[in-house]
Each structure stands twice: as C-alpha cells, then as structure tokens.
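None of these values were measured; they are calculated from a predicted model. Side-chain atoms are counted along with the backbone in the values below, which use heavy atoms only and exclude waters and symmetry mates. We count residues from 1, following the sequence as given.
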Amino acid sequence: MTFKVLKELVLMIFSRRKFFLLPIIFIIFIFGLLLVITQGSVIAPFIYTIF
C-alpha cells in the first residue's frame, strides 16, 4: 500500500510539473530515515532535540 502512494505521488509530480516538491520530499525522507536509524542508539536524544 505504501508503494502505491509513493507511485501516485511521483506520477503527480511529473504529470503536473511540480518539480519544486522534489527537494521538500527528499528532505522529509532523509529526516525520517535519520530518525529510524538512530532510534535505538546513543545519538537519539540529540536528534530529537532538533525537532
């Protein structure tokens, strides 16, 4: 189901020429990945203070 949403998002971006959304989505993806990776580590308290 998640891949279907991502596929629709990518198709919407390219069909409507909303390329300014790509950096925003990329940054949100990087922050989400950072939170998932550091969830159980010592770095987690420092990451959560950013938000």
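The cluster map of Ile, Leu, Val, Met, Phe, Trp and Tyr, joined by side-chain heavy atoms under 4.5 Å apart, puts V5 and L22 in different clusters. Linking ILVMFWY side-chain heavy atoms closer than 4.5 Å, directly or via other members, places I24 and I30 in two distinct hydrophobic clusters. By the criterion of side-chain heavy atoms lying less than 4.5 angstrom apart, applied directly or through intervening Ile, Leu, Val, Met, Phe, Trp or Tyr residues, I28 is grouped together with L21 in one hydrophobic cluster. The cluster map of Ile, Leu, Val, Met, Phe, Trp and Tyr, joined by side-chain heavy atoms under 4.5 Å apart, puts I27 and F20 in different clusters.
The CG atom of L11 sits 11.0 Å away from atom CG of L6, with the distance rounded to the nearest 0.5 Å.
Under a cut-off of 6.0 angstrom, the local environment of CZ in F19 is crowded, with over 12 non-hydrogen atoms contributed by other residues, nucleotides or ligands.
In this view, L9 and M12, I13, I25 satisfy the side chain to side chain contact (heavy atoms under 4.5 Å, CB included) rule, not counting sequence neighbours.
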